[in-house]
Novice: 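One structure, pasted below without further comment.
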Amino acid sequence: MSQTNIPSVQTTGSLALLDAIVKEQVDTIFGYPGGAIMPIYDALFDHADKLKHILVRHEQGAVHAAQGYARASGKTGVVFATSGPGATNLVTGIADAMIDSTPIVCIVGQVFAHLLGTDAFQETDILNITAPITKWNFQITDAQEIPEIIAKAFFIARSGRPGPVLIDISKNAQMQTFEYKGYTPCHYIRSYRPKPIVRPEYIEQAAQVINQAQKPFIIFGQGVVLGNAEQELQQLIEKSGIPAAWTILGKSALPTHHPLNLGMLGMHGNYAPNVLTNQCDVLIAIGMRFDDRVTGRLDKYAKQAKIIHFDIDPSEIDKNVATHVSVWGDAKETLPLLTEKIDKKEHTHWLEKFTELNQKEYDTIILPELFPTEGELTMGEVVRTLSDMTDGKAIFVSDVGQHQMVVCRYAQEKIPRSNITSGGLGTMGFGLPAAIGAKFGAPERTVIAVMGDGGAQMNIQELGTILQYQPNVKIVILNNSFLGMVRQWQELFNEKRYSFTDIMSPDFVHVAEGYGIAGLHVNERSELKKAVETMLKHPHSFLLEIKVKKEDNVFPMVPQGRGVSEIVLTAKEI
Amino acid sequence: MIERKSINTYNMQKQEFTLSVYTENQIGLINKIAAMFSRRKISLESLNSSPSEIENIYRFTIVVTETETVVKNLVRQIEKLVDVFIVYYNTNEEIIWQQMALYKVPTLNIMREAKVERLLREFGAKAVVIREDYTVFETMGQEKEIDNLLHELDKYGLIEFVKSSRIAIIKNSEGIHKKVLEMEKNHPIPEHIHNEHLSQRNMIFDV
């Protein structure tokens, strides 16, 4: 189309920005105003009908909320923040989104262009600060760049392997009037290849290897969720009869109750998948990146197996684990091609091995964790009660630590995008704001934030966001009066020298009350079900502070520096 | 028989690799590229930025001493940067490479020494500036040649010395011209969304 025919209008940079955001079908923005982003907020004032802005209580909360929104909805999360401290407060969340491949676009204000580099009030070099933790970042100092750059930002954030994008807009560009010609979405950048070309010959090779396998094993990660390839994965698994296990970000890509879902990988994953990783003859990795928490010691990882790696990001192939066959591409495209070429099979004998080892884990760990009859409450039984009472259909947003591992191990999830947690970065304080974002992203679903007493105090100010906007978030704090995961390591590896891991907490129910959020204490097993029922039936947000066993440990465990098959069931084995 | 791409079969010896990074001309990109090395604690022995054979496409030439496994991973990480087109990595045998050096020597010392002329011829150097007080020589070549002349001129009271970063041409490459053209062929025709407000006076953004 010839550019000359396009009508134009005089508008400001701020309005052009909001128009771009509306055209990208964004309905929710998480943000916090400040001096350098005031022109954008002024324009936003007239757009309340199209753009819902959620005023958080701290910019870190805004990024985590946008992450929760993106992870629950599959859409791109949008964040507004001001220059200087506003922008630097985003850093942890941006790093979290980068390592967990979450599509978010952060718009931050910047001082007037003529003040750049003068140490002006609230000036920081946010581009260089965020360069290594963004998929892309850019500084706009001229309003004319806004339509094109914002289009690029959304395209880059959500395409290929998604990630965070930060756009820094100087105040003069926000205020500048220019000739606006409407919005052109971006589908192409000449130096950027979101997806590698799928090469059928490698799928053919992979199918050959899989068809000859006696003991094949599938391990999958978030790539399946990001590619919306849950159905395709299930079809592959069902046709091939291959048992499958997941990384914590891959959880809920396959329903927990599926007979071929053999559970969780990694440091606190299930016993059988860890042990059998070192016995399988073909290991098929799909959309996962062989993180050290999943592989344990690399020189003791699946050395006997042929490795097939499916990933959209070529830089993940052979990064940690050398492959025999690598299939580059989007799981949505590659998995059906593979399914077509593999033989229908059942691996009964091989599956028996899993059942056998599962039983061992069940007797030693799961049974006492989930169904104790005496003593203090365990985290496991709380989590299982929550998932049972929501029929496995709730979104679990966990924070970081022991309770996170317990949620990933014991929450049963029937629907994709039900497990939202900070996997790669392990950001304490992620849980509450991410749950708020998740509720805005999936308003029809029950959202439960599960936190420890440590993490709960690390973004507790976001209770104010709940007070103001009333997203119906169920908050469960598992209080063991310790920074539990570090304490566990101190117990196991530092001779119980509990160096600064005993933590005092306020009465969380009282704190919630101050924010107008109802809540209950649970101290006894007998109170649990009733309290959960009250929480779920309550029409608004609700907080449960549950007192759990103080010095409980998460097991099984692959101790650091050991191979996955050296996983231990009890502390005695370490 | 499908072989595992065992990391052991790669050359585990550290050696010099020259990376050629083709990029858009984007402010700040050099920091993003440099950070790829610094976060892995790999030092950049030489870094040069220049235009390439295609207008508006820039070329960074980087020298590192690392194992091939490390370099290969690094190359893929750099290629992942949105504004980077492609990265090639080559051993010294696969490239033609040069560096340039300038030497400032007191003219009096040079004049007194009869051997200087032979020395310069031997090292392929030439005089760029000859003044009463000093003379500046220039030479082009590889590290060894430049260093040899440096040691030689040191004897004549060398005042100042500077060496440029490495530039390199890959022996068997066809450049990236064709590659970029191919990429641009896939460019979908941009679809312009009219701003629906533009035709409605009352909906036009109030400035």
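Order of the sequence lines sets the chain letters (A, B, ...), proteins ahead of strands, with each chain counted from 1.
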Novice: For the CD atom on B:E132, are there more than 12 heavy atoms of other groups (residues, nucleotides or ligands in this structure) within a distance under 6.0 Å?
Specialist: no
Novice: Identify which part of A:D313 has an atom lying under 4.5 Å from any heavy atom of chain B, answering side chain, backbone, both or neither.
Specialist: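 Contact with chain B involves the side chain of A:D313 alone.
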Novice: Where is the tightest heavy-atom contact between B:D83 and A:S191, given as atom of each residue plus distance?
Specialist: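 Scanning both residues, the minimum pair turns out to be CA-OG, 3.5 Å.
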Novice: Has B:K144 got more than 12 heavy atoms of other residues, nucleotides or ligands less than 6.0 Å from its NZ?
Specialist: no
Novice: Please look at A:L127 and chain B and tell me whether the side chain, the backbone, both or neither of the residue comes under 4.5 angstrom of a heavy atom of that chain.
Specialist: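 For A:L127, there is no contact with chain B at all, as no heavy atom is under 4.5 Å.
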Novice: Under 6.0 Å from the CD atom of A:Q25, do we count more than 12 heavy atoms belonging to anything else shown?
Specialist: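 Not buried by this count: 12 neighbours or fewer within 6.0 Å.
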Novice: Nearest 0.5 Å, please: how far is CZ in A:R190 from CG in B:N56?
Specialist: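 The distance works out to 6.5 Å.
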Novice: Would you indicate whether A:L116, at its atom CG, is surrounded by more than 12 heavy atoms from other residues, nucleotides or ligands within a distance under 6.0 Å?
Specialist: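 Yes, the 6.0 Å shell around CG holds more than 12 heavy atoms from other groups.
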Novice: For atom CG of A:L425, is the number of surrounding heavy atoms from other residues, nucleotides or ligands below 6.0 Å larger than 12?
Specialist: yes
Novice: In terms of heavy-atom pairs under 4.5 Å with chain A, which of B:T23, B:V75, B:V84 leads?
Specialist: B:V84
Novice: Under 6.0 Å from the OH atom of A:Y202, do we count more than 12 heavy atoms belonging to anything else shown?
Specialist: no
Novice: Mind checking which of residues 27-43 of chain B sit less than 4.5 Å from chain A, heavy atom to heavy atom?
Specialist: B:N31, B:K32
Novice: Quick one: what part of B:Q26 sits under 4.5 Å from any heavy atom of chain A, side chain, backbone, both or neither?
Specialist: side chain
Novice: Supply the atom-to-atom distance A:I189 CD1 to B:E24 CD, rounded to the nearest 0.5 angstrom.
Specialist: 9.5 Å
Novice: For A:K135 and B:V82, which heavy atoms make the closest approach, and how far apart are they?
Specialist: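 Taking A:K135 first and B:V82 second, the nearest heavy atoms are O-CG2, 3.7 Å.
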Novice: Hey, what do you get for NZ (A:K319) to CZ (B:R76), rounding to the nearest 0.5 Å?
Specialist: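 Interatomic distance, A:K319 NZ to B:R76 CZ, rounded to 0.5 Å: 11.5 Å.
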Novice: Does atom CD of B:E122 have more than 12 heavy-atom neighbours, drawn from other residues, nucleotides or ligands, at distances under 6.0 Å?
Specialist: yes
Novice: Once rounded to the nearest 0.5 Å, what's the spacing between atom NZ of B:K80 and atom CZ of A:R193?
Specialist: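 Reported value, rounded in 0.5 Å steps: 13.5 Å.
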